[in-house]
Amino acid sequence: LWTNTNANRSTDATSDAFCLQSEGKLIYNNTWDKHNLIGTAVFRTYQSQSFSSSNITYGNASTSLADPVVGSVVASSSSGNSERRSVEMIGQLVYTYDSRYVLKATVNHSGNSAMGKGNRFGTFPAFGLAWNVDKEHFISNKVKNWLTEAKIRVGQGWAGKAPDGAAYYYGAYQSLGQYVDMSAIYPVRMQLDKLKWQTTRELDFGIDVRLFDKLGITFDYYDKHTSDLLLEDTSLPSTTGYSTIKWLNSGVLTNKGFELRFDYQIFKNKDWVITANANMSRNINKVEELPSTWKFDNYTFGNGNYALRIVEGSPIGAFYGYRYKGVYQNTEDTYARDAAGNVMRDYKGNAIVMRNGTTLAYAGDAKYEDVNHDGVINENDIVYLGNANPKIIFGGGIQVKWKDFTLTTYFYGRYGQKVINSARMSLESMYGTSNQSTAVLQRWRHEGDNTEIPRALYGMGYNYLGSDRFVEDASFLRLKTLSVSWNLPKRWLTKIGWGITKANVFATGYDLITWTNYKGQDPEVSLPSATSLVTDKATTPVTKRFAFGITINF
């Protein structure tokens with residue numbers, strides 16, 4: 001119809017973007033006697049500008065319009081202009097004495113246009129010391145025969161992070177339209193002129209050792225302390241007049257852990273070379289101070305729901321829910337009990353029956369631990385169920401070379417990671433008409449059934465509350481890569497001719513085998529964050545892949 005906003009529609013729009021980056025570097029290097037000094041100065045700038053405008057009209061002049069009096073109507077009109085700038089000045093000195101002692105000092109002075117004038121610039125120093133023990137004069141030649149390398153390292157530094165975006169120290173307003181006989185505007189973005197840099201202080205200690213020129217070991221320990229956490233799009237009380245705040249500095253988080261790596265030449269002769277390498281790491285994070293706007297418990301009582309809690313002194317990624325105790329076998333089993341195990345009774349002397357939420361429990365229903373012994377399973381019975389952070393992440397492999405053949409393997413795994421298997425939860429819920437797994441064939445039907453699966457209840461009951469029933473250990477070991485390659489003998493290449501200097505044939509398999517007790521399809525799920533639980537919603541298992549090829553050099 002000619003009255004439609006898409007009739008004779010016209011759009012006039014333009015956009016323009018410009019980005020400029022620059023870097024200047026000055027390096028000074030000088031050696032005298034046993035001293036060496038390297039000085040570096042770096043100056044970086046970044047600037048981006050963008051502009052856009054759009055005007056859309058409809059009902060424009062056309063012979064198809066019935067009424068020539070009707071003019072074009074403006075559907076929308078908008079424009080935008082944005083500019084971002086940052087500057088970074090870095091100074092670094094590295095001093096070495098007699099190849100034994102190394103001192104490194106760095107200062108980073110950065111500025112970002114996303115913040116107000118009072119906090120626009122931040123200064124972040126760092127320093128490190130290294131001691132090459134194997135180069136000490138008191139180390140005898142006999143020791144040097146087996147101690148190929150020995151280095152001790154220690155360092156501490158500060159780093160800053162600025163918010164993304166441009167000029168958040170300005171408030172923003174938007175048109176409200178016509179108010180009585182006036183045009184009105186209202187604030188839509190809070191002025192953030194006190195926004196600060198997120199600051200991380202990190203302490204590192206490390207050791208590098210190589211023995212007999214065969215065994216190499218590297219160990220690192222770190223301790224990170226992050227303050228003034230930058231939180232994006234945080235909810236605010238409605239009394240402030242705003243629904244969210246774009247950026248907020250609040251909260252303190254620590255991360256401590258270690259990394260251990262080694263490589264070892266197992267055997268070597270004229271035809272054979274066998275080497276092995278491995279690495280492992282462990283990280284422990286802890287919330288030292290909760291953000292000021294953080295809600296203690298984001299939880300609604302209901303099937304399948306777990307509590308998202310971040311508690312001071314606990315890690316990010318912890319699970320909170322109910323302890324699953326199996327299935328009520330009979331009516332007597334449903335009676336509420338006090339801390340001493342005695343049946344609880346009402347004022348008339350009748351036994352009190354347990355309730356899952358507001359629903360009475362019957363034989364065959366899911367049984368949860370009544371932590372506070374009040375006869376009702378609700379949010380007051382939620383407890384800590386586990387941690388989604390792996391205790392250890394590890395990897396490694398073996399390489400075997402025999403003449404022109406090479407076999408390479410790489411393994412990867414995690415140990416001690418807990419995962420909510422929500423896919424299994426859905427397949428064992430027996431709540432609706434969705435397909436169920438064969439596990440429900442073992443559900444409770446009669447008293448005495450030895451099973452952990454409750455009775456089937458269509459559209460009612462609380463037989464699959466978020467509990468440790470569905471929290472599983474997702475530890476695994478996976479053969480990530482298995483590769484075989486063959487370098488064609490040079491005498492063959494000489495006979496072939498064509499100027500071929502090297503030819504290699506290879507075959508590689510990826511993600512071939514996984515060892516795990518996890519009941520889901522793929523134990524390699526995502527790592528935790530502050531805003532979501534680690535949940536496996538039927539993650540598609542990794543695909544076994546194979547590659548074959550030949551490389552020829554002329």
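The shown structure was predicted, so the numbers you read here are calculated from the model rather than taken from an experiment.
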| Is there side-chain contact between Ile152 and Phe205, with at least one heavy-atom pair below 4.5 Å? | yes

| Quick one: do Asp381 and Arg323 make a salt bridge, cutoff under 4.0 Å? | no

| For Leu407 and Phe405, what are the C-alpha separation, side-chain angles and deciding distance, and is it a side-chain contact (heavy atoms from CB on, under 4.5 Å)? | CA-CA 7 Å; Leu407 171 68; Phe405 291 90; over 6 Å; no

| said: Looking at Lys519 and Glu472, is any side-chain nitrogen of the basic one under 4.0 Å from a carboxylate oxygen of the acidic one? | reply: no

| Which residues satisfy the side-chain hydrogen bond (donor to acceptor under 3.5 Å, both in side chains) test with His109, sequence neighbours excluded? | Thr123

| field | Side-chain donor-acceptor contact under 3.5 Å, Ser227 with Thr199 | value | no

Only pairs under 3.5 Å count here: list side-chain donor-acceptor contacts from residues 391-402, not counting sequence neighbours, and write none if there are none.
from   : atom 1 : to     : atom 2 : distance (Å)
Gln399 : NE2    : Thr408 : OG1    : 3.4

| query | More than 12 non-hydrogen atoms from neighbouring residues, nucleotides or ligands closer than 6.0 Å to CD on Gln442, yes or no? | reply | no

| query | Thinking salt bridges, do Glu149 and Arg210 make one under a 4.0 Å N-O criterion? | reply | no

| Roughly how far, to the nearest 0.5 Å, is the CZ atom of Phe319 from the CZ atom of Phe470? | 14.0 Å

| query | Donor-acceptor pair, Thr451 side chain versus Ile453 backbone, under 3.5 Å? | reply | yes

| request: Side-chain contact test, heavy atoms from C-beta onward, threshold under 4.5 Å: evaluate it for Val287 versus Leu253 and give yes or no. | output: yes

| Side-chain heavy-atom pair Asp522, Val542 within 4.5 angstrom cut-off | yes

| message | Quiz question: by atom type and distance under 3.5 Å, do the side chains of Glu288 and Thr254 form a donor-acceptor pair? | response | yes

| Just wondering, do Met430 and Gln436 contact through their side chains at under 4.5 Å, heavy atoms? | yes

| field | Residues forming a salt bridge (charged side-chain N to carboxylate O under 4.0 Å, His left out) with Glu232, sequence neighbours excluded | value | Lys246

| said: Is the ring pair His35/Tyr97 parallel, tilted or perpendicular, if the boundaries are 30 and 60 degrees? | reply: tilted

| To the nearest 0.5 Å, how far apart are OH in Tyr299 and OH in Tyr306? | 10.0 Å

